[in-house]
Amino acid sequence: MTRRRLLGMIGTAAGSSAMYYAMTAMGHAAPSNYTGPIKLDGDPKGAKVLVLGAGLAGMTAALELRAAGYTVEVLEYREKAGGRCWTLRSGDEYTELGGAKQTVGFSDGNYINPGPWRLPHHHYAVMDYCRRLNVPIEPFIQTNYNAYVHRGDAFDGKPQRMGEILTDYRGHVSELLAKAVDQGKLDQEVTADDKELLLESLRRFGVLDDQNAYVKSLDTSGYRGYDKQPGGGVDAAPVASDLNDPQQVIQSQLWRYFSTHESLDHWAPMFQPVGGMDGIAKGFEREVGDLITYNAKVTSLKQDDSGVTVTWEDATGAGGGTNTSTADYCVCTIPFSVLGQIDHNLSPGLSGVISSMFYNGSTKVGLEFKRRFWEQDEQIYGGITYTDQAISQISYPSTGYQSDGPAVLLGAYTWRGTDTFKFNAMQPAERIKWALRMGEKIHPQYRDEFKAGVAVSWHKVPWVLGCSGVWEDREAQGYEEAIKIDNRVVCAGEHLSYIPAWQEGAILSSLDAISRLHDKVING
């Protein structure tokens, strides 16, 4: 049995929380180990460091190395800093690999984050840099029990309120367990004293009655919702709602979506920068923007015992010939998916990891609608709806509640798998059509209310060629080799962390890399 299959079985049987801890035990995942601002003591005596890439890893390195006394130069392929920390707004243009160009037609003030879109509260490093760089943050609504869960083969394809299905699932399972306890089937596992406590906990957890049954009542409706809400005055008494059949709840498999919110990376509260994720990139850029050369396409990375030489060209294609930058050392944050296509003389061990690593695919589709029908018609304020369709989920905006005019929601977010490959093969306009066609099965207002859209498939993003680096077996793939200082070059980024695909991983990887590089400079 492979580790991937084992983790998949754990996730299916026990939820993503159990899978996360299993991954940690196997060395696949770990919470942030950030303990505070880095301290690089000692005089670097004018040493110069060339940083390749102005994503969060690169700008973290530039910020801290300059503060420690290094001369720093940063080369960035794009016209702006941030890398995958990226926000698309009205009027922005984006051209993907293959030449398809999109111009964002959102109304002023509306945006979509094609890359990172939320910040776990326990990602201490990125949260600390937001504070230090004066990047304001606000709550991101991850869980909304009034949002939907949906499968095409469940409940005749009709979306169900998450809170109703969750309460029924919890109630039915609690009743089954309570019956087993009452019938003495768990006597070997539960003491007499614990038996009563367990039954009491099940009555509370599952909203069971005095006979330990999950039945239609005003008590259960207080958790799953009423058929008629309590009111005031005449005819104000509430009416209890009907329960879903336990077999139907189990067979629907809608319970598969519940564990997402329980995983450590999605514990409430979660946050987002005010006005778009690129607020973090702009915060760094305010500090180190003077060090960055933009539109610099690196074509060669060479090192010897005396230093590092990088050759680069104007990424806009405007000409200007070949340029050369030199330094004593280099921090390379270029994704391995791109670095593998650049001429370099890195060691065979590191080169082998670079050439063998593959990257996750992911597609996000931002959809702008004329009005906030999810709020006005369906009382959904923030949170995420989950579906078995290719779009995977719909995320509603966490700000601007009850405002008039257009608003943007995340109409698709695929993560690896065949659905992502299908979206990759499409042109942007077709991806948007798919998102609309699938989304209207949940929200029939989609077609009439649609205003504009933009679709980003990460395997076609020129400066990354993928969403995040993948480690299936760190030991076998050479993780330790990849993070070593390779003579005068050290690599960093989310792909060189135990928190891949998160900005926290990029920052922690960078801090670790420059700490070891600084130690080499100071102590030889």
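We count residues from 1, following the sequence as given. Predicted, not measured: the structure shown is a model, and the values here were computed from it.
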Practice task
Give me the ring orientation class for Y498 and Y479: parallel if the planes are under 30° apart, tilted from 30 to 60°, perpendicular past 60°.
Solution key: perpendicular

Exercise for the section: Run the ring-centre check on Y111 versus W86 and record whether the distance is less than 6.0 Å. Expected result: no

Handout entry: Salt bridge flag under 4.0 Å for residues R447 and E440
Key = yes

Exercise for the section: Check for a donor-acceptor pair, side chain of Y34 on one end and backbone N or O of E504 on the other, with a separation under 3.5 Å. Expected result: no

Fill in the blank from the handout: Closest heavy-atom pair, I141 versus S398, reported as atoms and distance to 0.1 Å, is N-OG, 2.9 Å

Exercise for the section: Mind running salt bridge (charged side-chain N to carboxylate O under 4.0 Å, His left out) on D343 and K302 for me, showing each step along the way? Expected result: CA-CA 8 Å; D343 180 38; K302 296 296 178 70; 3.2 Å; yes

Problem - Check: Y129 and F284 side chains under 4.5 Å, non-hydrogen atoms - result: yes

Handout entry: Donor-acceptor pair, side chain of E313 and main chain of G321, under 3.5 angstrom
Key = no

Handout entry: Which residues share a side chain to side chain donor-acceptor pair (under 3.5 Å) with R89, sequence neighbours left out
Key = D278

Exercise for the section: Could you tell me whether K433 atom NZ has more than 12 heavy atoms of other residues or ligands within 6.0 Å of it? Expected result: no

Completion exercise
Rounded to the nearest 0.5 Å, the CD1 atom of I292 sits from the CD atom of E73 at a distance of 11.0 Å

Practice task
Compute both the distance and the angle, then confirm whether R371 meets the cation-pi test with F373: under 6.0 Å from the six-membered ring centre, within 45 degrees of the axis.
Solution key: no

Exercise for the section: For the residue pair R84 and L56, establish whether any side-chain heavy-atom pair is separated by less than 4.5 Å. Expected result: no

Handout entry: Side-chain heavy atoms of Q503 within contact of M277, under 4.5 Å
Key = yes

Handout entry: Beyond-backbone contact of S392 with T387, side-chain heavy atoms, under 4.5 angstrom
Key = no

Handout entry: R132/E64 salt bridge by N-O under 4.0 Å criterion
Key = yes

Problem - Sidechain-backbone polar pair: H459 side chain, G466 backbone, donor-acceptor under 3.5 Å - result: no

Exercise for the section: Ignoring hydrogens and angles, tell me if any N or O in the side chain of S355 forms a donor-acceptor pair with the backbone of G352 under 3.5 Å. Expected result: yes

Practice task
Pick out which of D486, N345, T309 makes a side chain to side chain donor-acceptor pair (under 3.5 Å) with Q303.
Solution key: D486

Handout entry: Evaluation steps, side-chain contact (heavy atoms from CB on, under 4.5 Å), between C330 and L301
Key = CA-CA 9 Å; C330 174; L301 167 59; 4.2 Å; yes

Problem - Atom pair CD1/OG1 of I514 and T60 - distance to nearest 0.5 Å - result: 7.5 Å

Handout entry: Centroid-centroid distance, W458 to W415, less than 6.0 Å
Key = no

Problem - Side-chain touch Y413/S362, heavy atoms, less than 4.5 angstrom - result: yes

Exercise for the section: Check M270 against Q142 and note the closest heavy-atom contact, atom names and distance. Expected result: SD-OE1, 3.7 Å

Practice task
Could you tell me the separation between the CZ atom of R431 and the NZ atom of K364, rounded to the nearest 0.5 Å?
Solution key: 14.5 Å

Problem - Set of residues satisfying ring-ring contact (aromatic ring centres under 6.0 Å, His included) with respect to Y329, sequence neighbours excluded - result: none

Problem - Under 3.5 Å: donor-acceptor pair, side chain of S90, backbone of G105 - result: no

Problem - Reported OG-to-CG distance for the pair S325 and L50, which is rounded to 0.5 angstrom - result: 5.5 Å

Exercise for the section: Quick one: pull up CG in L496 and CG in L508 and give me the separation to the nearest 0.5 Å. Expected result: 12.5 Å

Practice task
Please check if the side chain of D512 supplies one atom and the backbone of S515 the other of a donor-acceptor pair under 3.5 Å.
Solution key: no

Practice task
Please answer whether the main-chain N or O of K101 pairs with a side-chain N or O of E93 as donor and acceptor at a distance below 3.5 Å.
Solution key: no

Exercise for the section: Look at the side chain of Q341 and the backbone N and O of S337, then say whether any donor-acceptor pair between them is shorter than 3.5 Å. Expected result: yes

Exercise for the section: Dump the intermediate steps for side-chain contact (heavy atoms from CB on, under 4.5 Å) on D328 and V308, then the final yes or no. Expected result: CA-CA 6 Å; D328 299 297; V308 179; over 6 Å; no

Practice task
Examine distances only and state if a side-chain atom of T363 and a backbone atom of T414 form a donor-acceptor pair shorter than 3.5 Å.
Solution key: no

Exercise for the section: Ignoring hydrogens and angles, tell me if any N or O in the side chain of Q102 forms a donor-acceptor pair with the backbone of Y94 under 3.5 Å. Expected result: no

Completion exercise
d(L409 CG, I394 CD1) to nearest 0.5 Å is 6.5 Å

Exercise for the section: Please test D128 against R131 for salt bridge (charged side-chain N to carboxylate O under 4.0 Å, His left out), starting from the C-alpha separation and ending with a verdict. Expected result: CA-CA 5 Å; D128 188 42; R131 180 187 61 80; 2.7 Å; yes

Practice task
May I ask you to establish whether R118 and W502 are in a cation-pi arrangement, using a distance under 6.0 Å from NZ or CZ to the six-membered ring centre and at most 45° from the ring axis?
Solution key: no

Problem - pair L410-Y396: side-chain heavy atoms closer than 4.5 Å - result: no

Handout entry: Residues that R437 engages under salt bridge (charged side-chain N to carboxylate O under 4.0 Å, His left out), provided they are two or more places apart
Key = none

Handout entry: Shortest non-hydrogen separation from L97 to L465 and the atoms involved
Key = CD2-CD2, 3.9 Å

Exercise for the section: Check the pair K451 / L367 against side-chain contact (heavy atoms from CB on, under 4.5 Å), numbers first and verdict last. Expected result: CA-CA 8 Å; K451 181 177 178 290; L367 301 175; over 6 Å; no

Exercise for the section: Kindly say whether the aromatic ring centers of Y257 and Y386 come within a distance under 6.0 Å. Expected result: yes

Completion exercise
Closest heavy-atom pair, N487 versus D304, reported as atoms and distance to 0.1 Å, is ND2-O, 3.5 Å

Problem - Shortest non-hydrogen contact from H122 toward L264 - result: CE1-O, 2.9 Å

Exercise for the section: In sequence, state the C-alpha distance, the side-chain angles, and the governing distance for K370 and E449, and then conclude on salt bridge (charged side-chain N to carboxylate O under 4.0 Å, His left out). Expected result: CA-CA 5 Å; K370 301 170 188 175; E449 302 293 345; 5.6 Å; no

Practice task
Please check if atom NZ in K460 has more than 12 non-hydrogen atoms from other residues, nucleotides or ligands closer than 6.0 Å.
Solution key: yes

Handout entry: Verdict with reasoning, E481 to K484, per salt bridge (charged side-chain N to carboxylate O under 4.0 Å, His left out)
Key = CA-CA 5 Å; E481 190 70 30; K484 286 180 181 177; 3.3 Å; yes

Completion exercise
In terms of heavy-atom contacts, I137 and M127 come closest through CD1-CE, 3.5 Å

Exercise for the section: Please confirm whether F140 and F271 have ring centers closer than 6.0 angstrom. Expected result: no

Practice task
Answer yes or no: is there a side-chain heavy-atom contact under 4.5 Å between T399 and Q272?
Solution key: yes

Handout entry: Ring geometry between Y446 and H443 (parallel below 30°, tilted from 30 to 60°, perpendicular above 60°)
Key = parallel

Exercise for the section: Answer yes or no: is there a side-chain heavy-atom contact under 4.5 Å between Y77 and P462? Expected result: yes

Handout entry: Between Y70 and H518, ring centroids under 6.0 Å
Key = yes

Handout entry: Audit row: T87, N113, side-chain hydrogen bond (donor to acceptor under 3.5 Å, both in side chains) steps and yes/no
Key = CA-CA 5 Å; T87 302; N113 296 310; 2.7 Å; yes

